[in-house]
Each structure stands twice: as C-alpha cells, then as structure tokens.
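Below you'll find the structure, written out as structure tokens, and then a few comments.
Quantities reported herein were computed from a predicted structural model and do not represent experimental measurements. Below, chain A is the first sequence line, B the second, and so on; all start at residue 1.
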There are 2 protein chains.
Amino acid sequence: MSGDPLSGDPSLLRRLNTAAALRVLRERAEITVPELASLIGVSRPTAQDLTAQLLREGRLVELSPGSGNVGRPARRFRFRAEAGHVLGVDIGAHKILVLAADLLGRTVAAQRVAVTPELPARERLDAVRAAVSGCLAQPGAAAVRPLATGVGTSGMVDTEGRVAVSDSLPQWSGLDLARELADAAPGPVVVGNDIQLATLAECTGGVSVDVRDCVYLYVGNRLGIGLWLGGELHRGHHSAAGEMVAGDGWEMSYQRLLDWFAGHQGAEKPTRENAARAVVTAAAAGDGGARYTLRAFAECLADSLTRHVAVLDPRAVVLGGGISRAGVLLSEPFAGRLAERCPYAPEVRTSVLGEESTAIGAARLALDQLEQMPHTDRAAQKSPTP
Amino acid sequence: MSGDPLSGDPSLLRRLNTAAALRVLRERAEITVPELASLIGVSRPTAQDLTAQLLREGRLVELSPGSGNVGRPARRFRFRAEAGHVLGVDIGAHKILVLAADLLGRTVAAQRVAVTPELPARERLDAVRAAVSGCLAQPGAAAVRPLATGVGTSGMVDTEGRVAVSDSLPQWSGLDLARELADAAPGPVVVGNDIQLATLAECTGGVSVDVRDCVYLYVGNRLGIGLWLGGELHRGHHSAAGEMVAGDGWEMSYQRLLDWFAGHQGAEKPTRENAARAVVTAAAAGDGGARYTLRAFAECLADSLTRHVAVLDPRAVVLGGGISRAGVLLSEPFAGRLAERCPYAPEVRTSVLGEESTAIGAARLALDQLEQMPHTDRAAQKSPTP
C-alpha cells in the first residue's frame, strides 16, 4: 500500500467517516451495512467497521432481524437517538420555555413558565433554573441527563454567550448568560439570539428545511429578521445579524393595527399585543375592516422587507411570531406585494413551529455544539462519577 | 486492520487529502514533506505518497536542494502554478478586459479593448473574441492554453450563464453568454455578475482576504452591492443577489455630484461620469466645495447602506468602482457615518484591485470551476489531440 496516500492517519479520516455515517443514520429509520456503504461512498468492509465502532460506542442499535426473506436476512441498524439528550431554553418577556430533546432533536419533555416582562433579571434566572428542574422532573424526561444546553433570548448576544444589548428584558444587557446558567444543567451552555434560533429551527426542522437561502421575518409584539444563507445560520461578525434600522417603515406597519383597535375599542393607549390579537381574531371571524387592516399591515411589512429580499435573493421568506398565526390572511397579501416589488419573488411560507421555535432552535444549537465535541468528552460529561 | 474503519476506499479520501494538500501548497512558496504532513494533519508516509502523486501529475515541482545545512537536506517542493492557466474576462459598457492567469490566479498577460456603451451585442461579442486572441498572442501568454474561462458582465446572470436582464448593454438581456463564448477559448465558460465577481476578487485576493463576512459597495457610474458571507460569495437563489431598490436614497446621492458640477461647469445635462470625475479631481486638488460635496455623497451612500450593514453585520465594507479612487476623501466620511448609524461599525476599506477587479474575479471563478473538475478531465481538455 506504499503507493496509496491513504495508508495510516486514522484519526482525521475516521472522524470524517464517522460524521458522514451519523449524518446518513440520523436521516433514516433503519439501515443495512450495504446501504450505509453506498450512501457515504465507502466499501462494505469500511461500513462494517464503522457500524461496529458506533455499536460499541452506543450510538447505534441493532434491530431484530426481519422475517419472510429467503436466506439469512441482512443485519439492520438504527441511530440511537435516545443515547443522549439536550435542553433547549427560550427566555422571553412573557414566558420561559424549556424543552428536552433527544439526539434527533425530537422533544421528549417540555416545561412552560409564565413570567412578566417586568421581572428583574435575578428572578428571571431563578425562573429559568426552576423551569429546567421542572422539565427534567417530568415522566417523559426520566432518562434525560442533558449533554448540553442551548439558550435563546432577545437582544444581541455576543460570540461568548453574553447579552450585549437587550431592550426588552430588565437588567438583561451585559448579562453573561452562559456563565449564569452553567449550574442549571450538566454540560456546556451555548447562547444565541431568539430570532436567529427560531430561524435555525425553521430551516433545520420546520417549514424551510429544503432551502439554502431563506429570510425569516418574526412578526409579533416586535419585529426581527433571521438569515439562513448558504445552508447555514448567518449570525454576523458580532453575532448581531438581523437588526432593523428606524425609518424603513417597520414601525408604521403597526400603526395600522393600533388605529383599527383604537377606533373599535376606544382604548386610549392600545398596546401592540392587544391590537394585533384583536385584529387577527376579528379578521379570522370574517370582519371586513379587520381583514383590510391586516392586509395593509402585511403590505407595509413587505414594502419594508423588499430591499433585503432584493439584496439577498432568498428562495423563501418565512413568517414567524405570534401574528403569523393569522396564516394566509397575512401571508397572501405579503407574498403578493413582495412579488410586485422584488426582481425575483421568493416563496412565502408560514412558520409551523410557532411559539416553540426559539426553544427548538436552542436545542439544535446544543446539538450542533455536541457535534464539535469528541465523543469521549461527551461520555465523560454524561457520567461524572468515575 | 479489520478493526480500522479506514482500510480501503481510496477514491473519496484521496480526493480529500489531495484537496487539502493543494490548498496548503498554494499558500506557500515552498514546502517539505514533514511540513506538509503537519499542516494537513496526516502522517509523513501519507504526505510522501501525496507528494509523489502530485509530482507525477505535474502539479508539483521539486526545488534544488538547499545548501549550508549539516547532513542531507530535506527535499523541497512548490506548487506548479504554471501547470495551467485560466482566462478572466470583463465585458463592460466602456471596456473589455481579458486577463490570463496561472493556477495561483496571478496575471501573466492582459488585453484591454475600449468599446462604446452603444455597441450592438454581436459586435461586442466579436470584440470579446478579438480581445481573447489579443491576450493569448502576447509574449507573456506564449505558454498559455486556457483550461477554463470566467466571464463577468453587468446585469443579472442566471445559474446557467445566461444574462437574464441587463439595463446597461444593448441587446444583452436574454443572451446565453456561456454558449456565445464557447468558441472563444478552450475549456468550459462560466459567467457571473460583474459586481459579484469584483467582490469575489477582493475577498480572495484583494483588500478583504482575511474576512468571513464582507459587503462590497461598487461606486461608479452606477451602484451595486456584492456579498461575501460565511467565507463564500453569496450569489442568491436566482444568482441575482445585490440588487438595490428605488427609494432608499441611492439615486439622491449622485444628485450632490451633479449639482456641484452643474454649478461649476454650467453644463445643462451633466452625466454622472463627468460629474464624478470633476468632483473627485477638484477634491483631490484641495477644493473645499468639492470636498464638501464628496463628503455629502459619501454620507448619503452610508445612510442608504446602513440598513444592510445592520441586517448582515459584516466585519468589513469594501468600497470599489471608479469613484472609490478618491480614497480617504470618500472612505473616511463614509466610515464615520456608518459608525454613527450602525449597531456595530464595520471596518471600511478601499478596493486595491481597481478596474481589474471583475476580470480577476472572473479568473477566480474559472479556477473554482477547475477545482470541481477531476484532474484527468482537465488534462484531456488541455491536450485535445490524442
């Protein structure tokens, strides 16, 4: 084999092969050795060896042989998604949501705690710890011992997991969330911006998994943009991608909702939340004026987003956030206006993950973190006692 | 070796190793086998075998042994950049520029042909063919037999190499440039938008090679945006990324130049080109009014770009195009205004590749195309006679 440049050097190449095998295994309910060999482009002996290694490590499980075939049935394997778990945490103004997910990102337990926007930071952090404990105490989480935790929160989160700026949560700016929550669960804590993580969720397990370039528009009590570009979450140089500037008409769009609400309810200081809920509810019930108002809101948002769609040329735009629950009443006028204004019209889709999207994206962030850790380290963290 | 998942399957792994070796070799003037082994993370025998393979293929050359060392000197090798060449072609309104470059992208010959904006498409294509022949006829190109050709042109270029829309060149919309120029030189022809290719050039061989996320702003007789995101050129789903929309103040910026020019020259219908040249020349000569005007122009551009910098959070913004030759007279007020308006101020840099940037980017596009072709196919194209 001296003429073959591949003799020796198992470590790098083994890792490449293992990563390729796990990618394929995660996407299939079951697989045979010849199938694995063909899918990742290696020989059957190599696929056999990879399978044996993954079985030893507990990352694969052998299924009982199928029946009905002539001759000896092929051995079948599946990814052992239950071999480990992660937590996904969404820290918001009104709620804290903690999910426990297996290695395929499937939720096995969840805990939701309502909080107030005014809650001081210390108490909000205590509520997070309590929600984590509550999630882990649930029947579905009996076997869960988290290997890593992902956390999503509003505000700009820097590359170290600190909240650089947060306008919506009191005493939140400057908080080192990764350190504050290090004791909440075993394993490393990784932190990201909530809208970036909702984008990650929709593009890896939601409505936009088939898309390489996608713009996510969060439409709730506030607005935000998330970017999925080149098949990856685009976080930006300071992890601050997705910020909107004043003066691009974003604020004006809400005025339509507030005006309708004030006209109907006579409220002197309507909040965005109340106004949006009332308009969406009335529009869904068939109220013509509310539908007109929602359409004006959607078109105003599309006008503001047009410049970003033109510059980025995404295949899809995903509408998320509470107001996206209006469904086609929001997405159709929005898509129509984008098609009028943009050189190429993107597909417009509505979030399917709803208010869990940030927590699901946080769990995905934790899974991505695990991928970068050697398997031995993960095992060590899983069983801290010698 | 039956317990080692890496036995067998040379093809995929050899390609991975070869690609890694070439990447390292291209970046260094010379290298020894132990250095190569260490840099790409393989054993010395594997690095030895890789070196032997690349020597056989003519992609590496051995240097004469160094002197002065005690004992037998280590064998030293360098990447054989002269083993092949590509062409980079810029088809513009005023010029056609053809570069011949080696496998490191270094220009070995160039041909520039002046054309008029009104030139019909057929004659413009003839001028391109003549410029290619002229480039290849130069002394520096005696050894050049192009393996691939990259072409940059204004307008939206689709993924197949057709010009979808071009506002600036007559009869250019709908042109299948890749097919039209297939006979101009040997090897495949790949086509891209001129501003996207200028971005590629600055981020792979120009002022922004160290940056993962970069926004390129072309400032000439027209404006354009190019995006380098996540260490890759972002072309968009329809290859149409970088389009600007009306109403974001872009047009207004030029009005400042036109007004100054009209006031000084009394020209009734000043063109952007004349106005820009006059303002930049006068500003460089110290004229206070021209400097004020150039500053206003720069700040207006920065205001328009702010929304994209906020959403994308790039590390750097590169100013290119003819007006960027004003240097700090443009870049300083531009950077100052961006810093005032953006959540995080990007570094502002001025293009170093100037009016060659699109042609250099086109040559890079051709090199990238070569990377995706198996080496045997390239050799076949190089020597079409059996």
**Report entry** Check against side chain to side chain contact (heavy atoms under 4.5 Å, CB included), A:V245 and B:R341
**Finding:** CA-CA 8 Å; A:V245 298; B:R341 298 290 166 96; over 6 Å; no
Query - Check against side chain to side chain contact (heavy atoms under 4.5 Å, CB included), B:Y344 and A:E243 - result: CA-CA 10 Å; B:Y344 289 96; A:E243 286 297 311; over 6 Å; no
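The environment of CD in A:E232 is sparse: at most 12 heavy-atom neighbours from other residues, nucleotides or ligands sit within 6.0 Å.
For the set B:A241, B:A246, B:P346, the count of heavy-atom pairs under 4.5 angstrom toward chain A peaks at B:A241. The residue among A:M156, A:R212, A:R235 with the most heavy atom pairs within less than 4.5 Å of chain B is A:M156. Comparing B:C342, B:G236, B:A37, B:A52 by how many heavy-atom pairs each has under 4.5 Å with chain A, the most go to B:G236.
Considering NE2 of B:H234 and CG of A:L227, their distance stands at 9.0 Å, rounded to 0.5 Å.
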Return all side-chain donor-acceptor pairs below 3.5 angstrom for residues 307-316 of chain B, not counting sequence neighbours, or 'none' if the list is empty.
{"unit_1": "B:R307", "atom_1": "NE", "unit_2": "A:D248", "atom_2": "OD1", "d": "3.0"}
{"unit_1": "B:R307", "atom_1": "NE", "unit_2": "A:D248", "atom_2": "OD2", "d": "2.7"}
{"unit_1": "B:R307", "atom_1": "NH1", "unit_2": "B:S304", "atom_2": "O", "d": "3.0"}
{"unit_1": "B:R307", "atom_1": "NH2", "unit_2": "A:D248", "atom_2": "OD1", "d": "2.7"}
{"unit_1": "B:D313", "atom_1": "OD1", "unit_2": "A:H238", "atom_2": "ND1", "d": "2.6"}
{"unit_1": "B:D313", "atom_1": "OD2", "unit_2": "A:H237", "atom_2": "N", "d": "3.2"}
{"unit_1": "B:D313", "atom_1": "OD2", "unit_2": "A:H238", "atom_2": "N", "d": "2.6"}
{"unit_1": "B:D313", "atom_1": "OD2", "unit_2": "A:S239", "atom_2": "N", "d": "3.3"}
{"unit_1": "B:D313", "atom_1": "OD2", "unit_2": "A:A240", "atom_2": "N", "d": "2.9"}
{"unit_1": "B:R315", "atom_1": "NE", "unit_2": "B:E347", "atom_2": "OE2", "d": "3.2"}
{"unit_1": "B:R315", "atom_1": "NH1", "unit_2": "B:D210", "atom_2": "O", "d": "3.3"}
{"unit_1": "B:R315", "atom_1": "NH2", "unit_2": "B:D210", "atom_2": "OD2", "d": "3.3"}

